[in-house]
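Side-chain atoms are counted along with the backbone in the values below, which use heavy atoms only and exclude waters and symmetry mates. One-based numbering, in listed order, for ligands and for the atoms of each.
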Amino acid sequence: MESIAVAAMAAPCQKPRFRAPSPAGALGVGSALGRNIDAMNTSPPKRVEHQQTDKGYVPVYTTDVVEQPWASYSATDHEVWATLFKRQREILRGRASDAFLVAQDAMGMSPDAIPKFDDLNAALGAATGWEIIGVEGLLPELTFFDHLANRRFPVTWWIRKPEQLDYLAEPDLFHDLFGHVPLLMNPVFADYMQCYGRGGVKAHGIGPEALVNLTRLYWYTVEFGLIRQSDGLRIYGSGIVSSKGESIHCLESDAPNRIGFDLERIMRTRYRIDTYQKTYFVIDSFEQLMQATAPDFTPIYARLASQDSIPAGDVLATDAVFHRGSGEGWLNDGDV
Ligand code: PHE
Ligand code: CO
């Protein structure tokens, strides 16, 4: 229940102005729909791997938007997609949120072949005005935020190898397409993602600490969020729905905490990047998420600057606890 009065609140992220296209004007309606990609830098795919940077030896990618090289996917690539798609759909029945499953069906994704971005874009454009664009991999933060703020979701064009079915350290096409893209069909979630992008551009201007706070929100909602349905807890986070092990762990294991959504608490909470999460945060609805994140975060960032971060596995006296984790198997260090 979140029938809280929200009326007087000035919304820094105005209701995004998407209007469904009239059948006659399928292309080039509003700017939200036009294929901005034409105006952007396009080039053939090139993956630039493992360059030495000030952060060590990490993957670095071009920020270019690339045409999905669909014809160059091998039979093995399509098989990897099919295997993962079927396996996750099976696991996600009764575990993923209805909203996710409905959206994925509505997009027309199937195990038969790696979907063509153009086909998905036809469905997305009509539903919410979002568009997916091909990229080489992780983007610099500001580039990523700018895409989201303009309703473009960057999708890594390449897919993992058969020996990486269960885990790889960076997003690939399966994670991005199977995990992230379906909920962009959902009008409320679609708005949340755009607002997040705008908030990211702003946080980037405020400073690195604000960005850390905002990134935790993304992590604990978009990537690892749970939602409470009338019939129980369900998954909506992309990092979970694209992982066989974590899809089961997050709901059925005694180890992790499951705690009610609390914006500032989340923005203070560290997280795991190389193990399952120690804590999952539970929303009641995407509307709740929208309302809770609507206020200007500027004063929140200022307030959080003087507060300590919270270790990933801690439970606070003020938490709304659905499940207190047993902590079994937790590593003591490694929170980021
Ligand atoms: N309200 C946030 C701000 O002012 C923007 C935001 C919206 C961030 C939704 C995340 C999600 O910064
Ligand atoms: Co992701």
Side-chain angles (χ1 to χ4, degrees), residues 6 9-16 59 61 84 88 100 132-133 135 137-139 141-142 144-151 153-160 167-184 186-207 209-225 235-243 246-247 261-264 266-267 271-274 277 281 283 285-305:
V6 88
M9 207 174 273
C13 185
Q14 299 90 358
K15 248 304 185 231
Y61 297 97
L84 288 171
Q88 282 312 104
F100 177 87
I132 58 182
I133 53 172
V135 294
L138 286 173
L139 295 172
E141 273 157 335
L142 192 55
F144 179 64
F145 294 143
D146 181 63
H147 283 310
L148 297 187
N150 290 286
R151 296 200 163 218
F153 194 85
V155 173
T156 307
W157 68 264
W158 52 270
I159 193 162
R160 67 193 72 184
Y167 183 78
L168 81 171
E170 57 184 311
D172 73 333
L173 177 135
F174 184 74
H175 169 78
D176 286 340
L177 213 52
F178 185 96
H180 282 284
V181 171
L183 279 178
L184 298 174
N186 178 291
V188 182
F189 194 85
D191 286 353
Y192 175 69
M193 290 294 283
Q194 178 176 27
C195 290
Y196 179 86
R198 292 177 180 170
V201 173
K202 186 169 72 180
H204 192 271
I206 294 174
E209 289 179 31
L211 266 186
V212 167
N213 295 146
L214 190 68
T215 299
R216 291 179 183 141
L217 174 64
Y218 189 88
W219 194 262
Y220 281 119
T221 60
V222 176
E223 292 288 357
F224 291 97
I235 306 160
Y236 72 92
S238 315
I240 309 177
V241 295
S242 61
S243 160
E246 195 147 9
S247 290
F261 178 91
D262 174 337
L263 179 66
E264 291 189 38
I266 288 176
M267 291 174 103
Y271 54 87
R272 310 291 305 181
I273 55 168
D274 54 359
Q277 300 308 306
F281 290 93
I283 61 171
S285 64
F286 295 141
E287 287 81 4
Q288 176 206 23
L289 188 56
M290 248 341 241
Q291 288 179 13
T293 53
D296 182 6
F297 285 3
T298 310
I300 300 180
Y301 295 138
R303 185 157 62 236
L304 294 181

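- The shortest non-hydrogen separation linking Ser242 to Gln88 is C-NE2, 4.0 Å.
- Of the heavy atoms in Leu217, only side-chain atoms (C-beta onward) come closer than 4.0 Å to ligand 1.
- If you look at His180 and ask which of its N, O or S atoms sits nearest the Co ion (ligand 2), the answer is NE2.
- Of the candidates Leu263, Thr293, Val222, the one placing a heavy atom closest to atom 7 (C) of ligand 1 is Thr293.
- Atom numbering of ligand 1 starts at 1 in the shown order; those under 4.0 Å from a heavy atom of Asp296 are 4 (O).
- Distances from the Co ion (ligand 2) to the N/O/S atoms of Glu223 are shortest for OE2.
- Atom NZ of Lys202 is separated from atom OG1 of Thr298 by 4.0 Å, given to the nearest 0.5 angstrom.
- Of all the atoms in ligand 1, the ones that sit under 4.0 Å from a non-hydrogen atom of Lys202 are 3 (C), 4 (O), 12 (O).
- Classified by interplanar angle (parallel below 30°, tilted 30° to 60°, perpendicular above 60°), the ring pair Tyr192/Phe189 is tilted.
- Every atom of ligand 1 with a heavy atom of Pro295 under 4.0 Å away is listed here by number and element: 1 (N), 2 (C), 3 (C), 4 (O).
- For Tyr271 and Phe224, the gap between ring centers reaches or exceeds 6.0 Å.
- In terms of heavy-atom proximity, Tyr301 sits nearest to Ala203 at OH-CB, 3.6 Å.
- When every heavy atom of Phe153 is checked against every heavy atom of Asp176, the shortest pair comes out as CE2-O, 4.5 Å.
- Interface atoms of ligand 1 facing Gly199, defined by a heavy-atom separation under 4.0 Å, are 5 (C), 12 (O).
- Contact annotation: the side chain of Ile283 approaches that of Tyr236 to within less than 4.5 Å [non-hydrogen atoms, C-beta and beyond].
- Within the 4.0 Å heavy-atom criterion, neither part of Met290 lies near ligand 1.
- Distance check, rounded to the nearest 0.5 Å: OH of Tyr218 to OG1 of Thr215 gives 10.0 Å.
- Under 4.0 angstrom from ligand 1, the non-hydrogen atoms of Ala294 all belong to its backbone.
- Near Cys195, the atoms of ligand 1 lying under 4.0 angstrom from a non-hydrogen atom of the residue are 5 (C), 6 (C), 7 (C), 9 (C).
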